[in-house]
Amino acid sequence: MSKTSPDTTTNDVAEILQQKFPDSIHPDDREGYSGIVVSPDSLVEVAQSIRDDFRYNLLTSLSYVDYIDEDFFEVVYHAYDTVKGGPALNFKARTPRSQATLPSLTGVWPSANLQEREAWDLMGIHFTGHPNLKRLLTWEGFEGHPLRKDWKEPFYEEDKKPFKSRWPEGRPDRAESRLPYGMNVQYPPGFTPDGWSPEGESALYDSLSTPMTGSGVDVQAIKTDQLVVNMGPQHPSTHGVFRMAVTLDGETITRLEPVVGYLHRNHEKIGERNTYLGNMPYTDRLDYICSMSNNLAYAMTIEKMMGQEVPERAELLRVLVVELTRIVNHFWLIGFLLNDLGAFFTPALYAILERELIVDLFEALTGSRMMCNYMRFGGVAYDLPPYIGGPAVKPGDKARHMDTMKFIKDLVYERLPRAIDQLDNFLTQNEVLVSRCKGVGILPPEAAVACGVTGPVLRASGVPYDIRRSDPYSIYNELDFDVAVRYNCDTYDRYLIRLDEIRQSLRILEQIIPGLEATEGQEYWAGKRGYNVRVPTGEHYGHADNPKGELGFYVVSDGTANPYRYHIRAPSLINITALEEMCRGLKVADSVVILGSLDIVLGELDR
Amino acid sequence: MSNEAVSLHNPDYPVPEELRHNIAITTLDRIYNWSRARSVWPMLFGLACCAIEMIATAAARYDPARFGMEVMRPSPRQADLMIIAGTVTKKMVPQIVRLYNQMSEPRYVIAMGACASGGGPFKEGYSVVDGIDKFIPVDVYIPGCPPTPQALLQGFITLHEKIEGQSITTVPWYRKGEGEAIPVPVLGPDLIDPRQTALIRNVASQPPDTSDAAQEPATD
Ligand code: SF4
């Protein structure tokens with residue numbers, strides 16, 4: 001076994017791997033690309049070596065690209081080392097378009113599970129050895145694999161925006177009038193709608209009601225009936241349109257399958273039609289509670305590809321809004337978690353009180369409370385306004401005319417610390433919270449890493465992995481903060497770690513404020529400020545530590561004004577890989593709380 | 001249906017001076033609508049980003065209790081109002097129609113935001129329904145992405161006005177016979193609206209060049 005010295009870089013690893021598997025690995029030498037290409041036959045073996053010999057234990061992202069002109073699909077894997085940190089090891093596998101088959105990596109990294117299902121669903125790549133290769137975001141029976149470059153949606157107009165029919169004249173268009181159904185649908189030729197019945201549902205329930213073999217509860221011995229129960233997609237405690245089907249033995253969960261896709265909004269296909277900048281407002285709508293953080297991750301990805309620098313004031317503003325967003329997100333989480341515990345809405349009312357103040361700031365800064373669309377390649381769209389209140393405030397209205405810096409200081413030094421202490425005082429020792437959360441939903445560190453869990457959930461499982469430290473971006477390496485970590489791996493720690501993270505964010509904000517004052521009036525948006533940026537040919541995977549976990553963007557540029565491939569690694573989706581493991585053996589009511597502590601948001605999960 | 005309909009008391013009817021503060025004379029329609037409009041219970045049900053602003057509206061700062069609308073019910077059977085707060089996807093629309101069918105009359109629908117009203121920023125996507133009004137009748141549309149809480153409250157007020165303009169003699173839920181349920185869409189190779197079965201059968205059996213011909217007008 002080859003051993004790696006502490007300062008081995010990813011390039012060295014790639015070289016050692018090539019020596020070890022000389023026949024099945026070659027470097028990806030296309031211009032602007034990096035990493036290695038592995039032949040499908042030895043993919044599993046190489047992956048095992050990457051995980052065991054080189055300790056890249058976290059497979060975060062599995063992206064897939066349709067190179068239609070070269071006639072192959074490429075699956076791109078990014079693996080990280082959660083102990084040493086550092087950049088990703090990027091390896092790829094190719095398969096011909098006509099017979100798209102690759103070996104599944106679920107045996108090596110369970111985190112590949114849902115991502116491979118997604119690749120099967122949207123690109124039609126078959127993964128042999130996958131335990132449950134069903135469609136993920138669309139439904140069983142859906143026609144075609146929509147992210148293939150030759151698949152056209154019903155409202156298809158052109159491959160790339162801006163559409164010639166509408167720009168530059170700005171002619172209005174109603175896509176419905178072009179289709180015979182007056183609606184966003186299309187059917188294969190010769191299709192007859194009569195007597196159509198969907199296949200997916202019965203398949204789902206059948207697969208769940210087969211008795212468990214091997215580990216787990218021996219149902220035969222205790223002679224109770226198994227029951228398959230459906231929760232969602234319309235259910236008050238699934239945080240949107242999440243659905244899970246659980247097999248119950250009495251009240252105990254023996255199996256659980258998340259069913260997702262109820263908010264699949266086709267983000268990636270639209271993203272490949274859009275210009276680079278045109279995607280910025282769409283990223284707002286991924287994790288719609290944290291639009292600022294999504295903006296940042298996307299802006300950084302494209303800036304890296306362009307080689308664009310960001311001025312200091314812009315970085316400060318970015319960290320300001322992103323850390324405020326983290327606080328908002330964790331406040332929501334605490335409120336919702338208490339909802340799920342049965343304390344309906346009162347804790348949530350307190351938890352989101354301060355959120356209103358933060359969105360006031362965002363509204364004054366960007367014009368929108370939630371969908372801020374704030375970042376640009378090379379900076380941010382606006383500087384801080386002198387006053388919070390907006391143009392509608394009448395002269396002399398003192399109550400609504402607040403000095404922005406004073407407002408921010410009030411928030412950071414007074415209101416937010418007080419709010420978090422208040423929640424802490426009321427909730428942390430609360431008997432119900434303690435007894436419902438302590439020891440519930442254990443996620444051991446090895447399982448968490450194997451499932452690709454990131455963000456606060458991973459850190460509550462005792463793994464101090466934070467991208468702000470392990471692969472620093474923006475100005476985080478100049479800031480003084482601790483990576484919050486908790487070691488009990490249960491729901492209670494996942495609650496506590498949110499409090500810890502809010503406090504760390506406040507620490508960061510306190511360091512930002514003097515910088516903001518010192519850089520007042522300086523440039524906040526470098527570069528040409530154009531709408532059409534040119535991105536050199538190549539690929540890049542950019543990521544950031546969002547409040548919910550690692551948000552990644554895998555972008556492939558072919559040198560034109562629109563991305564050739566635009567893939568999103570959504571933390572919410574990959575974090576639910578661990579859900580079944582965490583819930584098995586517990587009661588139904590616990591699954592609701594565990595889901596709440598995982599902190600998912602459907603806009604990002606389903607995209 | 002403006003201010004006159006809103007005021008409960010009909011001042012034209014002579015009420016003796018000493019009873020003025022104790023007795024209100026009104027019509028059945030007015031008292032019926034007045035009480036209905038002030039206790040519209042929304043369904044606790046969110047779809048996407050707009051739901052976050054809906055929750056923010058339900059919280060302390062905007063306080064929908066002022067409109068008698070703070071009681072959100074998770075069950076469609078106890079709800080009067082369905083707020084479609086977010087993007088309606090094809091995978092979700094069968095559930096929404098089923099929920100709508102389960103609501104008892106009188107029932108109202110608010111399409112909150114660009115997505116629910118017409119597909120919004122995701123309209124061009126293959127997986128999104130271009131407006132919930134293709135399937136269920138909508139009473140109030142609220143523009144915005146997402147609409148601010150103020151806009152949602154304005155939508156509530158507009159709905160109240162609509163309710164106050166209805167008459168007990170003509171409302172559909174006192175007609176004879178059973179109300180008709182909306183056929184639940186089916187997920188086939190694409191979303192199938194059962195009301196379009198004949199049309200789909202006709203169009204899909206045509207030679208496949210229809211799609212090109214249909215697109216021509218947009219490009220010239
Ligand atoms: S209208 Fe905008 S905010 Fe509302 S659901 Fe659609 S994308 Fe989200």
Side-chain angles (χ1 to χ4, degrees), chain A residues 137-139 141-143 146 153-155 157 164-165 173 175-176 178-194 196-198 200 233-236 240-241 261-267 269-270 273 281-282 285 288-289 348-349 352-353 355-356 369-371 602-603 606, chain B residues 44-49 51-53 55-56 58-61 74 76 86-87 89-92 95-96 99 115 119 121-130 134 145-146 148-149 186-194 196-197 199-201 203-208 210-211 214-215 217-219:
Chain A
L137 299 177
T138 62
W139 56 90
F142 184 79
E143 176 75 14
E153 57 272 36
F155 283 172
E157 225 183 300
K164 286 191 213 70
S165 66
D173 173 76
E176 288 89 342
R178 277 184 267 132
L179 290 184
Y181 312 104
M183 217 161 46
N184 186 6
V185 288
Q186 65 187 4
Y187 306 97
F191 168 70
T192 42
D194 312 83
W196 180 275
S197 75
Q234 192 265 329
H235 190 285
V241 286
Y262 291 93
L263 192 52
H264 178 47
R265 303 193 276 196
N266 181 18
H267 202 102
K269 188 109 183 166
I270 295 178
R273 305 244 187 273
Y282 281 88
R285 289 154 181 82
Y288 31 73
I289 295 174
L349 286 179
I352 60 179
L353 213 57
R355 181 245 179 197
E356 285 295 334
R369 286 159 52 88
M370 272 174 76
M371 304 304 177
L602 272 292
D606 291 339
Chain B
L44 182 62
F45 157 70
L47 293 172
C49 348
I52 299 293
E53 283 297 58
I55 298 168
R61 194 193 250 189
T87 318
T89 60
K90 291 177 183 172
K91 203 168 174 176
M92 192 64 198
Q95 276 78 356
I96 295 178
L99 286 168
C115 285
F122 298 95
K123 172 178 169 176
E124 60 195 279
Y126 52 83
S127 53
V128 169
V129 171
D130 46 329
K134 299 273 187 314
C145 182
T148 56
V186 183
L187 294 174
D190 206 326
L191 188 71
I192 303 171
D193 185 346
Q196 287 195 335
T197 317
L199 178 68
I200 296 170
R201 202 185 299 120
V203 177
S205 60
Q206 304 279 315
T210 43
S211 60
Q215 274 175 20
T219 48

Choice from [options] maximising heavy atom contacts with chain A below 4.5 Å:
options                        : result
B/Q196, B/K134, B/R61, B/K123  : B/R61
B/L99, B/V129, B/I96           : B/L99
B/P149, B/A60, B/A48, B/G46    : B/A48
B/D130, B/V128, B/T197         : B/D130
B/T148, B/D193, B/L199, B/L191 : B/L191

Picking from [options], which has the most non-hydrogen pairs under 4.5 angstrom with chain B?
options                : value
A/R273, A/E176, A/R355 : A/E176
A/L137, A/D606, A/I270 : A/I270
A/E143, A/M370, A/K269 : A/M370

query = In terms of heavy-atom proximity below 4.5 Å to chain B, should A/R369 be classed as side chain, backbone, both, or neither?
reply =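 Side chain only.
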
key: Toward chain B, the part of A/L353 with a non-hydrogen atom under 4.5 Å   =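 The side chain, not the backbone.
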
query = Is there a side-chain contact between A/N266 and A/P146, using heavy atoms and a 4.5 Å cut-off?
reply =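 Not touching, per the 4.5 Å side-chain cut-off.
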
task = Hey, can you tell me if A/Y282 and B/F122 have their rings parallel, tilted or perpendicular (30° and 60° cut-offs)?
result =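 Perpendicular: the ring planes of A/Y282 and B/F122 meet at over 60°.
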
request  = Look at the rings of A/F142 and B/Y126 and say which category their plane angle falls in: under 30° parallel, 30 to 60° tilted, over 60° perpendicular.
outcome  =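 Rings of A/F142 and B/Y126: tilted, as their planes differ by 30° to 60°.
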
request  = Would you name the heavy atoms of B/C115 and B/T87 that are closest together and state the gap between them?
outcome  =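 Heavy atoms only, the tightest pair is SG-OG1, 3.1 Å.
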
Shortest non-hydrogen contact between B/C49 and A/M371, atoms and distance =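 Scanning both residues, the minimum pair turns out to be CB-CE, 3.2 Å.
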
Chain A contact via [X] - which portion, at a heavy-atom distance below 4.5 Å:
X      : value
B/I55  : both
B/E124 : both
B/A59  : both

About how many Å separate [atom2] of [Y] and [atom1] of [X], when rounded to the nearest 0.5 Å?
X      : Y      : atom1 : atom2 : value
A/Y288 : B/I52  : OH    : CD1   : 5.5 Å
A/L179 : A/N184 : CG    : CG    : 7.5 Å
A/R178 : A/F155 : CZ    : CZ    : 7.5 Å
A/Y262 : B/K90  : OH    : NZ    : 15.5 Å

